[in-house]
Amino acid sequence: MKKTMKVLAVAGLVTTSAVAGVGYSGWINVGADDPHSAPVYAFLTAVRERSIEVRSRDIQVPNLNDGALIRAGAGNYDAMCVGCHLAPGVEPTELSQSLYPTPPDLGKQGTDGNPAATFWVIKHGIKGSGMPAWGKGMEDPYIWGMVAFLQQLPKMDARQYQALVASSSGHQHGGGESQLHEHQVPDDSASGKGHHEAELADDGMAAPDVHVHPDGKAHKH
């Protein structure tokens with residue numbers, strides 16, 4: 001038993017020294033124009049997805065079909081996200097083409113269908129990916145607006161996207177920028193805060209509600 005423990009200790013020391021040596025040698029290229037090998041990329045993807053799944057599974061999702069919530073999200077998305085994640089009618093940008101990993105085109109790909117995970121990613125960001133933690137300056141109700149908007153985005157064409165953004169209140173994080181309707185929107189339940197009563201503004205432009213029709217597209221009335 002003692003011999004086995006010694007062998008394991010020596011093996012651990014050798015492995016640690018080897019990893020440290022490789023790191024210190026500069027052999028690993030950290031340039032964003034040098035993609036990870038397939039095994040490394042697969043490992044990092046699995047770690048990322050599992051981490052998000054575990055941390056988002058207790059988050060309570062509000063009603064994401066609310067028109068005011070969707071409009072609020074449209075304005076924030078256009079102000080904060082288009083440069084990386086694009087939108088209908090928006091061509092790839094210098095930023096979207098230069099980041100690694102390449103940000104998904106959310107107008108085409110959408111999200112993964114898990115709104116709680118989408119909320120967590122927007123709020124907390126992802127290390128080493130260029131995805132910011134918007135929750136450092138954005139209140140939860142406005143993050144939910146972006147989640148609600150992202151549920152509709154792949155169903156829109158360029159005209160519908162621009163019309164919805166124009167009907168929104170633009171870039172807003174919370175703090176009473178405009179006059180609001182009250183919506184019961186939950187905070188990040190994992191934080192233990194429970195439900196947060198949020199006010200989401202209608203922008204005073206007689207902005208129409210957004211509905212998803214059987215044709216699969218988001219229409220405004």
* Start with the C-alpha distance between H36 and Y100, add both sets of side-chain angles, then the distance that settles ring-ring contact (aromatic ring centres under 6.0 Å, His included), and finish with yes or no. => CA-CA 10 Å; H36 294 303; Y100 181 80; 5.6 Å; yes

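Counted within 6.0 Å of CD on E94, heavy atoms from surrounding residues, nucleotides or ligands total 12 or fewer; the atom is thus considered open.
One hydrophobic cluster holds both L86 and M80 under the rule that ILVMFWY side chains link at heavy-atom gaps under 4.5 Å. Under a hydrophobic-cluster definition in which Ile, Leu, Val, Met, Phe, Trp and Tyr are linked whenever side-chain heavy atoms come within less than 4.5 Å, directly or via other members, V90 and M146 are assigned to the same cluster. In the hydrophobic clustering of ILVMFWY residues, with side-chain heavy atoms under 4.5 Å counting as a link, I143 and M131 come out together.
Judged by distance alone, the side chain of Q160 and the main-chain N or O of D157 form a donor-acceptor pair under 3.5 Å. Looking only at distances, no side-chain donor or acceptor of R57 sits under 3.5 Å from a matching main-chain atom of E53. In this structure, S98 contributes its side chain and L95 its backbone to no donor-acceptor pair below 3.5 Å. No side-chain donor-acceptor contact under 3.5 Å links H171 to the backbone of A79. Judged purely by atom type and a 3.5 angstrom limit, H85 uses its side chain to pair as donor or acceptor with the backbone of P104.
To the nearest 0.5 Å, the span separating NE2 on H173 from NZ on K136 amounts to 14.0 Å. Atom CG of D105 sits about 11.5 Å away from atom SG of C84, to the nearest 0.5 Å. Atom CD of Q152 is separated from atom CG of N65 by 6.5 Å, given to the nearest 0.5 angstrom. Atom CD1 of residue I70 and atom CZ of residue F149 lie 9.5 Å apart, to the nearest 0.5 angstrom. One finds the OG atom of S168 at 8.0 Å from the CG atom of N76 (value rounded to the nearest 0.5 Å). Taking NE2 of H124 as the reference point, atom CD1 of I52 lies at 10.5 Å (rounded to 0.5 Å).
Contact check for F119 versus V61: no side-chain heavy atoms found under the 4.5 Å cut-off.
Hydrophobic side-chain contacts under 4.5 Å tie V40 into a cluster, directly or through other members, with F43, L44, V47.
When all heavy atoms of W144 and Q60 are compared, the pair lying nearest together is CZ2-O, 3.4 Å. Scanning both residues, A72 and Q172, for their nearest heavy atoms gives CB-NE2, 3.7 Å. Considering every non-hydrogen atom in both Y77 and A87, the closest pair reads CE2-CB, 4.3 Å.
Taking the side chain to side chain donor-acceptor pair (under 3.5 Å) definition, one finds that S96 meets it with T93, sequence neighbours left out.
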